[in-house]
Amino acid sequence: MITHLRRTLKYFIQITFIFAAVIGILMLSGMASKDIDTAFRHGWQSVWLILAAFAAMSLIYPFFGYGKRRIKANGDPSDHWKTIEEALDFRGYVPAGETPEGGRKFHLKSGVSRVARLWEDTITINPVLGGFQAEGLTRDLVRVISALDRKLNSYDD
């Protein structure tokens, strides 16, 4: 719950900052009036409605933006960690610690990418029956799972 609220606040601040920057550029360039009452059809009421919409989107996004996926792998999980680290290194991730469940956490190497994702770039991989479970930002998770599946499983017959 705390994580969800933290993510919600981060996204609200990020989207509000982007909105303010775009409107600021439009106002400074003369493409929009510098008077809020003129720039928006309903003036400040429009600004508050836009912020309310941003708050609603920020509240909902963490439910869809983060997920868990399974990775099939045979054998002992400890035999696969080196392969997992190599695959994640290739995708731009570095080890960031261990989990209480015996898994590992990874985050992006690039500081710019980490900032762009508001430091919500961690991929957690935990051993489960029949393989591993990965958790993280959905858009990154899809690429990571694909890379890990190719490395851990041979589909050639």
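What's counted below: heavy atoms across the whole structure, side chains too, no hydrogens, waters or symmetry copies.
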### Message
Check for me, please, whether Val22 and Met31 land in the same ILVMFWY cluster - side-chain distances under 4.5 Å, paths through other members count.
### Response
yes
### Task
Determine the minimum heavy-atom distance between Ala134 and Ile71, stating which atoms define it.
CB-CD1, 4.1 Å
### Message
Quick check: Phe54 with Phe12 (ring centres under 6.0 Å apart)?
### Response
no
### Query
Is any side-chain heavy atom of Leu141 closer than 4.5 Å to a side-chain heavy atom of Leu137?
no
### Task
For Thr38 and Ser33, indicate whether the former's side chain and the latter's backbone hold a donor-acceptor pair under 3.5 Å.
no
### Task
Flag yes if Ile36 and Leu51 sit in one hydrophobic cluster, no otherwise; membership is Ile, Leu, Val, Met, Phe, Trp, Tyr, and two members link when side-chain heavy atoms are under 4.5 Å apart.
yes
## Note on the structure
Output for pair (Arg7 CZ, Phe63 CZ), nearest 0.5 Å, gives 11.0 Å
### Message
With a 3.5 Å distance limit and no angle check, can you tell me whether Ser146 reaches the backbone of Arg143 through a side-chain donor-acceptor pair?
### Response
no
### Message
When you compare the side chain of Trp81 with that of Arg104, does any pair of heavy atoms fall below 4.5 Å?
### Response
yes
### Summary
OG1 (Thr122) and OH (Tyr93) are apart, to the nearest 0.5 Å, by 8.5 Å
### Task
Say whether Ser78 and Asp76, considering side chains only, have a donor N or O and an acceptor N or O under 3.5 Å apart.
yes
### Message
Looking at every heavy atom in both Lys72 and Leu152, which two are closest together, and how far apart are they?
### Response
O-CB, 4.4 Å
### Query
Where is the tightest heavy-atom contact between Arg70 and Ile145, given as atom of each residue plus distance?
O-CG2, 4.4 Å
### Side chain to side chain, Thr124 and Phe106, heavy atoms closer than 4.5 Å
no
### Query
Does the side chain of Met57 reach to within under 4.5 Å of the side chain of Ile15, using non-hydrogen atoms?
yes
### Query
Is there a path of hydrophobic side-chain contacts, each under 4.5 Å between heavy atoms of I, L, V, M, F, W or Y residues, that connects Trp44 with Ile23?
yes
#### Entry: More than 12 heavy atoms of other groups within 6.0 Å of Phe19 CZ
yes
### Query
Between NZ of Lys68 and CG of Asn126, what distance do you get to the nearest 0.5 Å?
8.5 Å
### Message
Any non-hydrogen side-chain atom of Phe64 less than 4.5 Å from a side-chain atom of Thr138?
### Response
no
### Task
Please say whether more than 12 non-hydrogen atoms of neighbouring residues, nucleotides or ligands are located less than 6.0 Å from NZ in Lys10.
yes
### Message
Under 4.5 Å between side-chain heavy atoms, counting indirect links through other Ile/Leu/Val/Met/Phe/Trp/Tyr residues: same cluster for Ile13 and Tyr11 or not?
### Response
no
### Query
Hey, are the side chains of Glu135 and Lys105 touching, using non-hydrogen atoms and a 4.5 Å cut-off?
no
### Task
Answer yes if the ring centres of Tyr66 and His4 are under 6.0 angstrom apart, and no otherwise.
no
### Query
So does Arg114 pair up with Glu120, basic N to acidic O under 4.0 Å?
no
### Query
How many angstroms lie between CZ in Arg91 and CG in Leu148, if you round to the nearest 0.5 Å?
9.5 Å
### Query
Considering only heavy atoms from C-beta outward, does the side chain of Pro62 approach that of Thr8 to under 4.5 Å?
yes
### Message
So that I can tick it off, tell me whether Asp89 and Lys109 are bridged by a salt bridge, with the cut-off set at under 4.0 angstrom between side-chain N and carboxylate O.
### Response
yes
### Task
Indicate yes or no: at least one non-hydrogen side-chain atom of Ile125 is less than 4.5 angstrom from one of Ile123.
yes
### Task
Work out which heavy atom in Gly43 is nearest to a heavy atom in Asp37; give both atom names and the distance.
CA-OD1, 3.5 Å
### Message
If I compare all heavy atoms of Asn74 with all of His80, which pair ends up nearest, and what's the gap?
### Response
O-NE2, 2.6 Å
